[in-house]
Amino acid sequence: MSGAFLLALALLSAPCAAKGLRFMVTIDAGPAERRDAPVAVRLGVREHFSADEARQLHPFVTATLEPAGEPSARRAIQAEFVLGADGAPAAIEAFWVEARLAAGYRVSYVLTLAGASAGSGTGFHYDEGTGYRDLLYAGRPVWRHVTAYDPARHEETSKVFHALFGTKEDRRDFITKGPGGFYSHHRGLFIGWRDVEAGGKHYDFWHCPDVALRHRNYLPARELAGPVVAREAAVNEWTDQSGAAVVRETREVTTWRAREGEWVLDFVFALEAAAGPVGLGGDAQHAGFQFRAAQEVADRKDAAYLRPASARGTGDDLWEDCSWAACCFDARGRSYTVLHIDHPSNPRPMTYSTRDYGRFGSFFTASITPGTPLELRYRVRVRDDNASPAWCQGAYDDYVAPVRMAAERLP
């Protein structure tokens with residue numbers, strides 16, 4: 001038999017993914033009500049479809065979701081390939097947002113995956129600048145990742161951070177503070193510890209008087225951008241006075257458009273000891289993963305906070321038994337709420353600090369052992385109005401106990 005005939009026979013006998021792969025996906029809300037809840041389902045090669053089918057769909061895949069028995073309600077969602085260490089497709093992830101699911105409610109969808117000639121080109125996209133990268137949605141800026149470092153401008157450029165834009169209009173006004181102003185080292189969404197010990201030396205990666213958090217590179221293979229979600233992955237180094245790395249940080253930020261006027265940002269930090277054991281110390285006012293509102297909030301000192309009913313004040317704006325905190329403030333003439341959730345898998349005990357000038361976040365002490373990265377997870381929800389404690393608690397419940405899912409291949 002000729003090689004061409006054998007190839008044709010193989011193609012005819014292989015499962016045909018070109019017509020689309022169909023799955024019944026069932027979502028169980030569990031005990032919590034879900035509102036504007038990010039949802040992701042992962043379908044694995046061999047578990048849900050064959051490697052041949054994956055190769056037929058790769059590199060671009062489209063996805064549609066329809067409530068079971070309601071084809072007229074079909075809608076497009078986002079789907080992305082997940083690659084294995086060998087670069088071959090290992091899975092497909094599908095993303096969407098559930099507007100509302102009552103507690104105890106179950107819903108079933110038909111999920112259809114099909115190949116595409118290119119990505120959607122709609123929704124989220126990145127805009128590269130000099131010393132920064134912006135994430136935009138439909139042309140509107142969402143956040144700016146500030147990466148510039150210049151030793152001649154050390155104080156101004158000593159920190160990597162994410163600055164947030166306002167959500168209500170297509171304009172480039174930040175609702176977070178950058179360098180300068182009241183406490184210049186507080187900038188947007190930022191991480192650092194004042195008392196870091198490594199190799200018998202102490203470093204201040206909070207104020208960064210003579211050390212720096214420096215951006216090294218992005219990880220394109222882990223990034224995505226589409227109509228529902230965008231993910232950025234970057235490597236930063238916490239460097240000493242000579243520029244040598246003390247801590248190597250991989251920062252992944254997944255951004256969801258929950259609804260008009262609301263973003264969800266999921267942060268995952270992997271902190272690695274670069275040369276030897278590292279201790280992260282300090283206090284709740286000068287360490288951890290923090291948010292700082294625009295300078296005008298500090299000028300007025302009128303930031304208000306929401307906390308869970310369990311929160312217990314211990315003085316000096318510190319709160320224990322506090323699993324989340326939300327800052328309500330006005331910036332650029334508009335009202336905003338920023339909810340900060342510290343995932344329970346992070347080290348404990350943990351304390352929240354909430355200042356009236358708009359700086360707040362969570363703190364703990366921890367050690368980093370070489371070869372064993374410390375993984376930290378946080379969710380930040382930003383909305384363009386004043387939220388309620390009930391909404392905040394619901395958002396917390398949704399993050400720490402996401403919906404339960406099951407997927408079954410359909411003929």
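Only heavy atoms go into these numbers, but all of them, side chains included; no hydrogens, no water, no symmetry mates.
With sequence neighbours left out, the side chain to side chain donor-acceptor pair (under 3.5 Å) criterion links Glu47 to no other residue. Scored by the salt bridge (charged side-chain N to carboxylate O under 4.0 Å, His left out) test, Arg187 finds Glu155 as partners (sequence neighbours excluded). Under the rule for a ring pair (Phe, Tyr, Trp, His ring centres under 6.0 Å), the partners of Tyr399 that lie at least two apart in sequence or sit in another chain are His343. Residues satisfying the salt bridge (charged side-chain N to carboxylate O under 4.0 Å, His left out) test with Arg312, not counting sequence neighbours, are Glu320, Asp321.
Counted by atom type alone, Ser50 and Asp52 present zero donor-acceptor pairs between their side chains at under 3.5 Å. Side chain to side chain, Trp143 and Thr255 meet the donor-acceptor criterion of an N or O pair below 3.5 Å. Judged purely by distance below 3.5 Å, without hydrogens or angles, the side chains of Glu249 and His215 never pair a donor atom with an acceptor atom. Inspection of the Gln290 and His186 side chains reveals no N or O donor paired with an N or O acceptor under 3.5 Å. Ser362 and Asp342 share a donor-acceptor pair across their side chains, judged by distance under 3.5 Å alone. Residues Trp391 and Gln393 bring no donor and acceptor atom of their side chains to less than 3.5 Å of each other. A donor atom on one side chain and an acceptor atom on the other are not found under 3.5 Å apart for Thr337 and Arg383.
Of the candidates Phe289, Trp324, Phe291, Phe291 is the only one forming a ring-ring contact (aromatic ring centres under 6.0 Å, His included) with Phe360. None of His340, Arg359, Arg307 except one satisfies the side chain to side chain donor-acceptor pair (under 3.5 Å) rule with Thr354; the exception is Arg307.
Remark: Arg46 CZ is loosely packed, at most 12 non-hydrogen atoms of other residues, nucleotides or ligands lying under 6.0 Å away. For Gln241, the CD atom counts as densely surrounded, since its 6.0 Å shell holds more than 12 non-hydrogen atoms of other residues, nucleotides or ligands.
Note: Asp195 CG to His286 NE2 = 10.0 Å, rounded to the nearest 0.5 Å. Note that the CG atom of Asp316 and the CD atom of Gln285 stand 5.0 Å from one another [nearest 0.5 Å]. The OG1 atom of Thr372 lies 13.0 Å from the CG atom of Leu271; values are rounded to the nearest 0.5 Å. For the atom pair CG of Asp36 and CG of Leu101, the computed distance is 10.5 Å after rounding to the nearest 0.5 Å. With rounding to the nearest 0.5 angstrom, the CZ atom of Arg140 is 10.5 Å from the CG atom of Leu136. Once rounded to the nearest 0.5 Å, the distance linking CZ of Phe161 with CZ of Phe190 reads 10.0 Å.
Looking only at distances, a side-chain donor or acceptor of Thr147 sits under 3.5 Å from a matching main-chain atom of Gly131. The backbone N or O of Gly333 sits nowhere less than 3.5 Å from a side-chain atom of Asp330 that would complete a donor-acceptor pair. Put simply, the side chain of Ser108 never gets that close to the backbone of Ala68: no donor and acceptor are under 3.5 Å apart. Panel note: side chain Glu223, backbone Ala233; a donor-acceptor pair is recorded below 3.5 Å. Judged by distance alone, the side chain of Tyr305 and the main-chain N or O of Arg355 form a donor-acceptor pair under 3.5 Å. Panel note: side chain Thr176, backbone Ala294; no donor-acceptor pair is recorded below 3.5 Å. With hydrogens and angles disregarded, a donor-acceptor distance shorter than 3.5 Å links the side chain of Lys159 to the backbone of Trp206. Side chain of Arg231 to main chain of Leu224: no donor-acceptor pair is present (N/O by atom type, distance under 3.5 Å, no hydrogens or angles). A side-chain donor-acceptor contact under 3.5 Å links Gln295 to the backbone of Phe182. In this structure, the side chain of Gln78 engages the main chain of Val229 through a donor-acceptor pair within 3.5 Å.
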Exercise for the section: Report the C-alpha distance between Glu296 and Arg300 in whole Å, list the side-chain angles of each, state the deciding distance to 0.1 Å, and finish with yes or no for salt bridge (charged side-chain N to carboxylate O under 4.0 Å, His left out). Expected result: CA-CA 6 Å; Glu296 63 181 278; Arg300 300 188 303 264; 3.1 Å; yes
Practice task
Walk me through it: do Arg194 and Asp204 pass the test salt bridge (charged side-chain N to carboxylate O under 4.0 Å, His left out)?
Solution key: CA-CA 4 Å; Arg194 185 187 66 183; Asp204 181 352; 6.0 Å; no
Handout entry: Stepwise salt bridge (charged side-chain N to carboxylate O under 4.0 Å, His left out) check, Asp356 with Lys301
Key = CA-CA 5 Å; Asp356 62 2; Lys301 290 191 175 181; 5.2 Å; no
Exercise for the section: Just do the ring-ring contact (aromatic ring centres under 6.0 Å, His included) check on Tyr183 and Tyr357 with the steps written out, would you? Expected result: CA-CA 10 Å; Tyr183 293 140; Tyr357 55 81; 5.8 Å; yes
Practice task
Give the C-alpha distance, both sets of side-chain angles, the deciding distance and a yes or no for salt bridge (charged side-chain N to carboxylate O under 4.0 Å, His left out) between Arg100 and Glu33.
Solution key: CA-CA 7 Å; Arg100 184 171 184 180; Glu33 181 185 34; 2.9 Å; yes
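Residues Tyr336 and Asp385 fail the side-chain proximity criterion, which asks for heavy atoms closer than 4.5 Å. Under the 4.5 Å side-chain criterion, counting only non-hydrogen atoms from C-beta, Phe363 is in contact with Trp193. Using a 4.5 Å heavy-atom cutoff, the side chains of Pro370 and Pro277 are in contact. At least one side-chain heavy atom of Thr250 sits under 4.5 Å from a side-chain heavy atom of Leu219. Contact of the Asn236 side chain with the Arg214 side chain is not registered, since no non-hydrogen atoms from C-beta on lie closer than 4.5 Å. Counting only heavy atoms from C-beta outward, the side chains of Phe23 and Leu410 never approach each other to under 4.5 Å. Counting only heavy atoms from C-beta outward, the side chains of Val278 and Val196 approach each other to under 4.5 Å. In this structure, Thr26 and Tyr109 have side chains that are not in contact, with every pair of non-hydrogen atoms separated by 4.5 Å or more.
Sorted by first and then second residue, the ring-ring contact (aromatic ring centres under 6.0 Å, His included) pairs involving residues 54-87 (not counting sequence neighbours) are His58-Phe81. Pairs passing the ring-ring contact (aromatic ring centres under 6.0 Å, His included) check and including a residue from residues 231-261, sequence neighbours excluded, read Phe95-Trp256, Phe205-Trp238.
A salt bridge is defined here as a Lys NZ or Arg NE, NH1 or NH2 lying under 4.0 Å from an Asp or Glu carboxylate O, and Arg409 with Glu53 meets this definition. Here Asp398 pairs with Arg379 in a salt bridge; the nearest charged N to carboxylate O distance falls below 4.0 Å. A salt bridge is defined here as a Lys NZ or Arg NE, NH1 or NH2 lying under 4.0 Å from an Asp or Glu carboxylate O, and Arg75 with Glu66 fails to meet this definition. The pair Glu237-Arg248 meets the salt-bridge criterion, with a side-chain N (NZ, NE, NH1 or NH2) lying under 4.0 Å from an Asp/Glu carboxylate O. One finds no salt bridge joining Glu80 and Arg222 here, because no Lys/Arg side-chain nitrogen approaches an Asp/Glu carboxylate oxygen to under 4.0 Å.
Looking at every heavy atom in both residues, Tyr132 comes nearest to Val146 through CB-CA, 4.3 Å. Between Leu318 and Ser353, the shortest heavy-atom distance links the atoms CD2-CB, 3.9 Å.
Because its NZ or CZ atom is both nearer than 6.0 Å to the ring centre of Tyr218 and within 45° of the ring axis, Arg133 counts as a cation-pi partner of that residue.
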